[in-house]
Amino acid sequence: MNKEIYRVQNPAIGAMILWRFICGYKSKDSSPTPFPLLFYVLPIIFRDDLCTTIKGTRKGLSKVSEKLFKEKRNDELYSINNAAIELRQLTLTSFNIGVSSNLFKMDFDTAMVYALVDTKKSGLPSATQVMLDSAEKLGVWCSELTLIEICEWMKVRF
């Protein structure tokens, strides 16, 4: 079972997901991504039900939250914070791979993360592409909100 989990939730895919989130975050006004926000990306995108909800939502993070509450699936939101703690090491390893691969870099004085590459890769398996597209969409939505609003809509704490 551990091998199966690793095949899906491996650090290389995690680095690509973080990179697409960072690209989405900067797409509105070229803003860098706050480092702490990255710890919530993998727990959301690696969860098929949340990733599918993001893929099927057009309006933003508030609509995802409203949709989950309306469908009585709010436990999915409340599980994100604990999942972020459990996947902390995977996120850090993925982050290190992204930095060493020159996908993104971090300004250690401000704890802000900048994308270094903006070119999308093609020819990826469809399941991977869905995760990357959802991560980018999530990044765009998060860039439109303050960290406090993100905490409110995703039911997380920084």
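It should be emphasised that the depicted structure is a prediction, and the values quoted were computed from it without experimental measurement.
Annotation: side chain of Asn81 is not in contact with side chain of Met154 (no heavy-atom distance under 4.5 Å). Between Ser94 and Met16, the closest side-chain pair of non-hydrogen atoms is not below 4.5 Å. Under the 4.5 Å side-chain criterion, counting only non-hydrogen atoms from C-beta, Thr93 is not in contact with Asn96. Using a 4.5 Å cut-off on side-chain heavy atoms (C-beta onward), Glu66 and Trp153 make contact. Under the 4.5 Å side-chain criterion, counting only non-hydrogen atoms from C-beta, Pro32 is not in contact with Val113.
Smallest separation of non-hydrogen atoms from Leu103 and Ala15: CD1-O, 4.2 Å. The two atoms that bring Pro43 and Leu87 nearest to each other are CA-CD1, 3.8 Å, heavy atoms only. Closest approach of Val41 to Leu18, counting heavy atoms only: CB-CD2, 3.9 Å. Shortest non-hydrogen contact noted between Lys28 and Glu144 is CE-OE2, 2.9 Å. Nearest heavy atom pair, residue Cys151 against residue Arg157, reads SG-CA, 4.3 Å. Between Ile45 and Cys51, the shortest heavy-atom contact is O-CB, 3.5 Å.
Taken to the nearest 0.5 Å, the CH2 atom of Trp141 stands 11.0 Å off from the CZ atom of Arg58. Interatomic distance, CG of Asn82 versus CD1 of Ile85, reported as 5.5 Å (0.5 Å rounding). We find the OG-CZ distance between Ser134 and Phe21 to be 12.5 Å, quoted to the nearest 0.5 Å. Annotation: the span from Ser126 atom OG to Met131 atom CE amounts to 10.0 Å, rounded to 0.5 Å. Atom CZ in Phe39 sits 15.5 Å away from atom CD1 in Ile80 (nearest 0.5 Å). The distance from the OG1 atom of Thr91 to the CG atom of Leu42 is 4.0 Å, given to the nearest 0.5 Å.
With sequence neighbours left out, Glu152 forms a side chain to side chain donor-acceptor pair (under 3.5 Å) with no residue at all.
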Show, in sequence, the C-alpha distance, side-chain angles and deciding distance for Val64 and Lys59, and conclude whether the side chain to side chain contact (heavy atoms under 4.5 Å, CB included) test is met.
CA-CA 8 Å; Val64 169; Lys59 295 281 185 172; over 6 Å; no

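Hydrophobic clustering of Ile, Leu, Val, Met, Phe, Trp and Tyr side chains at less than 4.5 Å, counting indirect connections, keeps Trp19 apart from Val130. Under a hydrophobic-cluster definition in which Ile, Leu, Val, Met, Phe, Trp and Tyr are linked whenever side-chain heavy atoms come within less than 4.5 Å, directly or via other members, Leu90 and Val99 are assigned to the same cluster. Under the 4.5 Å side-chain heavy-atom criterion for Ile, Leu, Val, Met, Phe, Trp and Tyr, Tyr25 and Met112 are members of distinct hydrophobic clusters. Follow the hydrophobic side-chain contacts under 4.5 Å out from Ile150 and you reach Ile22 in the same cluster. Put simply, Ile97 and Val117 are part of two different groups of oily side chains (I, L, V, M, F, W, Y) that touch within less than 4.5 Å, one to the next.
Using a distance-only test at 3.5 Å, with no hydrogens or angles considered, a donor-acceptor pair links the side chain of Ser143 to the main chain of Val140. Formation of a donor-acceptor pair under 3.5 Å by the Tyr40 side chain with backbone atoms of Ala83 is not found in this model. Lys137 contributes a side-chain N or O that, together with a main-chain N or O of Lys55, makes up a donor-acceptor pair within less than 3.5 Å. Judged purely by atom type and a 3.5 angstrom limit, Glu136 has no side-chain atom pairing as donor or acceptor with the backbone of Asp133.
Relative ring orientation between Phe95 and Phe35 is described as perpendicular, the plane-to-plane angle rising above 60° on a 0-90° scale split at 30° and 60°.
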